[in-house]
Peer 1: 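This is the structure I have questions about; it appears just below.
Both counts, for ligands and for their atoms, begin at 1 and track the order of listing. Keep in mind that what you see is a predicted model, and the values were worked out from it rather than measured.
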Amino acid sequence: MYTRLRLLIFSVFLLFTATGFSQAYQEFTPGKIWKDNNGIHINAHGGGILEYQGTYYWFGEHKIQGKRGNTAQVGVHCYASKDLYNWKDEGIALSVSEDLKSDIAKGCILERPKVVYNAQTKKFVMWFHLELLGKGYEAARAGVAVADQPTGPFTFIKSYRPNAGLMPFYVAGTPQAEQVNCVNPTSKSDMFFCRDLPGGQMARDMTVFVDDDGKAYHIFSSEENFTLHLAELSPDYLNHTGKFVRIYIGQQTEAPAIFKKEGMYYMIGSGCTGWDPNPARWFRARSVFGPWEYMGNPCQGKGAELTYGGQSTYVLPAPGKKGAFIFMADKWEPKNPIDGRYLWLPIKFENGKLKIEWTDRWDLNTFK
Ligand code: GAL
């Protein structure tokens, strides 16, 4: 009798697994395990999202267990979704190379991949922060890859430090004191800028933003992470044009995420404390080239001073409601990186100011 019962329970279990039976998500639960269609915690850290023809594609760093987990042993993972709650594993969009001489050799550091679609070339373009194998965080390069399909496979093109030999662009009215002078650099940050002028500027934590007019911008932590650069990309999105501005000079901003609402540009970033959380910071600007105004911490309530344990990675325009946005952050697990969690929270606007609050669970009706 007992054996028969066991057999019955086992068969029911098998049936459920075989038919892929699993509860569909109908809400976001920030910080909790978030399973894909195969029942596996989503592996797309430091990620970003591309919307293309009614489907959302989430790209992020594929991490593994244990100490080596933050190095790129696999590549950039892609997931697809129609509703933002339930994600289908689309596999590895960009694989690291078995060739140890490749810039993206297995074991390198490949972080914060962001994919955009170029309507002119009809290509999907992926930018990422790249550190060469065995060199720690010293290379500080931007890498770029391209694909014909959103899910890849992406082909690696090149990696480099942007804007070699070029001075920043300044909007009219920028005080002389804020303009870097490489004959006589006056701050630490200016010194790093001038040091890197011949070979190109360092490019670490990053994002890519496509404006309404189709122009794209690469925003990255530069100058030993002291200053953000916002640099224009060429019409095919595969190169830097050489026009760039420096933002919040010397203040160590990382993890930039940009969005635009009613003609105003907004950026959320973090401070610079490695895998440990710190207070988020936000900025706004009327022109993408600035001036970018520092606005303080957008987070409020319990946990706000440490971004609820997370660090920004992307801001996604919410479906169905123009002008509504989702803040995406990573809660890193440096001892076991594959266990890193995702914190998605709604962004509120109050008298022109951003406000993010913690909530254990929420859904897209929040924006209605
Ligand atoms: C963080 C950064 C991550 C990663 C990490 C390494 O500050 O945002 O992307 O580079 O440092 O310590």
Peer 1: Mind telling me whether Tyr248 and Tyr294 have parallel, tilted or perpendicular rings, with 30° and 60° as the class edges?
Peer 2: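 Answer is parallel, since the angle falls under 30°.
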
Peer 1: Counting the benzene-type ring for Trp, do Tyr314 and Trp58 have ring centres under 6.0 Å apart?
Peer 2: no

Peer 1: Considering heavy atoms of the protein only, find what lies nearest to atom 10 (O) of ligand 1 and give residue, atom and distance to 0.1 Å.
Peer 2: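 Among all protein heavy atoms, the one nearest atom 10 (O) of ligand 1 is Glu111 OE1, 2.7 Å.
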
Peer 1: Answer yes or no: is there a side-chain heavy-atom contact under 4.5 Å between Pro113 and Glu61?
Peer 2: yes

Peer 1: Of all the non-hydrogen atoms in the protein, which one sits nearest to atom 3 (C) of ligand 1, and at what distance?
Peer 2: Asp205 OD1, 3.7 Å

Peer 1: Quick check: Arg112 and ligand 1, any N/O pair under 3.5 Å apart?
Peer 2: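 Between Arg112 and ligand 1 (N or O atoms, distance only) the closest approach is under 3.5 Å.
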
Peer 1: When only distance counts, is Glu254 in polar contact with ligand 1, meaning an N/O pair under 3.5 Å?
Peer 2: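 Yes, Glu254 has an N/O under 3.5 Å of an N/O on ligand 1.
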
Peer 1: From the options Tyr342, Trp34, Trp87, select the one residue that forms a ring pair (Phe, Tyr, Trp, His ring centres under 6.0 Å) with His41.
Peer 2: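 Passing option: Tyr342.
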
Peer 1: Check whether any N or O atom of Gln311, backbone or side chain, sits under 3.5 Å from an N or O atom of ligand 1, and answer yes or no.
Peer 2: yes

Peer 1: Could an N or O of ligand 1 be found under 3.5 Å from any N or O of Gly274, whether backbone or side chain?
Peer 2: yes

Peer 1: Please work out whether any backbone atom (N, CA, C, O) or any side-chain heavy atom from C-beta onward of His129 is under 4.0 Å from ligand 1, and answer side chain, backbone, both or neither.
Peer 2: neither

Peer 1: When you measure from atom 6 (C) of ligand 1 to every protein heavy atom, which one gives the shortest distance, and what is it?
Peer 2: Tyr137 OH, 3.3 Å

Peer 1: Can you confirm whether Glu27 is buried at CD, in the sense that more than 12 heavy atoms of other residues, nucleotides or ligands lie under 6.0 Å from that atom?
Peer 2: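 Yes, the 6.0 Å shell around CD holds more than 12 heavy atoms from other groups.
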
Peer 1: Is it true that, when you exclude Lys261 itself, more than 12 heavy atoms of the residues, nucleotides or ligands shown sit nearer than 6.0 Å to its NZ?
Peer 2: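 Count over threshold, so yes.
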
